[in-house]
2 protein chains.
Amino acid sequence: MTTGLRERKKLRTRRALGAAALELAVRHGLAEVTVEQIAEAADVSPRTFFNYFSSKEEAVVAADLERAGEMVDRLATRPADEPVLESVRAVTRAMLGEPGARRKEWVRQVRLVRANPALVPHQLAAYAAIEQRLAAVIAERAGMGADDLYPALTATAVMAATRVATTRWLDSDGRTELADGIDEALDLLTTGLGHPPSRAP
Amino acid sequence: MTTGLRERKKLRTRRALGAAALELAVRHGLAEVTVEQIAEAADVSPRTFFNYFSSKEEAVVAADLERAGEMVDRLATRPADEPVLESVRAVTRAMLGEPGARRKEWVRQVRLVRANPALVPHQLAAYAAIEQRLAAVIAERAGMGADDLYPALTATAVMAATRVATTRWLDSDGRTELADGIDEALDLLTTGLGHPPSRAP
DNA sequence: CCGCAAAAATGCAGACTCTGCAAGTTCGCG
DNA sequence: CGCGAACTTGCAGAGTCTGCATTTTTGCGG
């Protein structure tokens, strides 16, 4: 087992801090929340907070980073001969299907980011970190290096597709299905962006 | 004319601050530079610095934001019946061709970002701002709304392509031509990411 | 040319962020 | 058990960033 009591406790603390940050930010507004409050809510000292995150923004975004990381992990387990974008499709649908309380948490977080432009840079930074890992997975599939153009570009494009679809879904305010939006975006990437899609079917 | 003396002076101050921030960061390392030093170098008070930028990171990245904005402006002047990705190609080549001292400045800046991960979020935030405008231009071309999927996704994808190509170009350390890399990336987007490109020609 | 109202720049106080360092505490391995 | 590594914590200090009141510039109409 890779999980000593030590590691588990650290993870719990980390999550507690992230959750507290999100909770407080949603309730009082990001700007009104101080690191001291977050630390107190998670029952650690302010100094300890900074041992885990370098800012409250990072803490708020941490859960999403973890989530995206899990997505890449799952991607790595898909059959190697499946086209990459198909794998993404499958994993996305799977993750969107399962959710319990985590999904609600995620939606709150995404909404918070929209409401606080100050969070955007941090969210993007988190995604950028994931992109690296995603590129590695794609590269392996394609039998290329992680720094070849195709894997790198595909990784960013996939993240972009997800982001755009998510944004549109939020804007639609429940009138669309997120998984469908992501499918549509992935379709566009698959067939190429050379021309606008012909009129809706 | 839209440019009163007032506006011009403001722009000059803004640029002076950005340039000073970049210069100092390159010379002494980003972490070693304080807002006070930047302000002094630009001959304004520290307080004034914050009237223009909300952090030194933002100041460092400002020039690139301006540059990207110019790119979108030029894009808007291309013939409306030209395929979007072709327009991007043309504008990119044009801007990469012209440069005088500005290009060197840009390269320094991009290198600085690579060396300081702390800048990544800010760089990405700048690009995200541009994406909005880019999406609007693309939407107009395609006769769609700026929040339709195609324009939004294409805009992010184009930015992503540029970013990836730039990164790869930097890594290649002068052994490749940036414009070629961007072309290649745009080709991929045009033909679709469904399959890895067949072996090199 | 003059003087005025708007726009900018500035100084200052104060709250908060974040880091290094030097203790304490806790955990798990032998 | 008992020790060393890993964590947490407190503290001091430099720096960031904001609001507010004040002073300086600038553009304009008379």
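A note on names: the letters A, B, ... follow the listed sequences, proteins ahead of strands, and every chain is numbered from 1.
Salt-bridge annotation for B/R168 and B/D171: absent, with no side-chain N of the basic residue lying under 4.0 Å from a carboxylate O of the acidic one. A salt bridge is absent between B/R102 and B/E66: the closest approach of a Lys/Arg side-chain nitrogen to an acidic carboxylate oxygen does not fall below 4.0 angstrom. Of the charged side-chain nitrogens involved, at least one lies within less than 4.0 Å of a carboxylate oxygen, so that B/E86 and B/R89 count as a salt-bridged pair.
Counting to the nearest Å, the P atom of C/dT10 and the CZ atom of B/F49 are 14 Å from each other. One atom, OH of A/Y52, and another, P of C/dC18, lie 18 Å apart when rounded to the nearest Å. With rounding to whole Å, A/E32 atom CD is found 11 Å from D/dG19 atom P. As a whole-Å value, the separation of A/Q37 CD from C/dT17 C1' is 14 Å. Residue B/R8 contributes atom CZ, which lies 12 Å from atom C1' of D/dT26 at whole-angstrom precision. In this structure, CG of A/N51 is placed 16 Å from P of C/dT17, rounded to the nearest angstrom. Note: NZ (B/K10) to P (C/dA9) measures 7 Å, nearest angstrom. When rounded to the nearest whole Å, the span between CD of B/E58 and P of D/dT16 equals 15 Å.
Scored by the side-chain hydrogen bond (donor to acceptor under 3.5 Å, both in side chains) test, A/R111 finds no partners at all (sequence neighbours excluded). Every residue two or more places apart in sequence or in another chain that forms a side-chain hydrogen bond (donor to acceptor under 3.5 Å, both in side chains) with B/E98 is listed here: B/R74.
Proximity note for A/K56 (side chain, C-beta onward) versus D/dT9, C/dT17, D/dT16: the nearest is C/dT17. Picking from C/dA9, C/dC27, D/dT9 the nucleotide with the shortest atom distance to the side chain of A/K9 gives C/dC27. Of all nucleotides listed (D/dT26, D/dG15, D/dT9), D/dT9 comes nearest to the side chain of A/S45.
Atom OG1 of A/T77 is separated from atom CG of A/L75 by 7.5 Å, given to the nearest 0.5 angstrom.
In this structure, B/E140 contributes its side chain and B/V137 its backbone to no donor-acceptor pair below 3.5 Å.
Distances shorter than 4.0 Å separate some side-chain N or O of A/T48 from OP1 or OP2 on D/dT9.
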Taking only N/O atoms, report every protein-nucleotides 19-21 of chain C pair under 3.5 Å with atom names and distance.
| residue | atom | partner | partner atom | Å |
| --- | --- | --- | --- | --- |
| C/dG20 | N7 | A/R47 | NH2 | 3.0 |
| C/dG20 | O6 | A/R47 | NE | 2.5 |

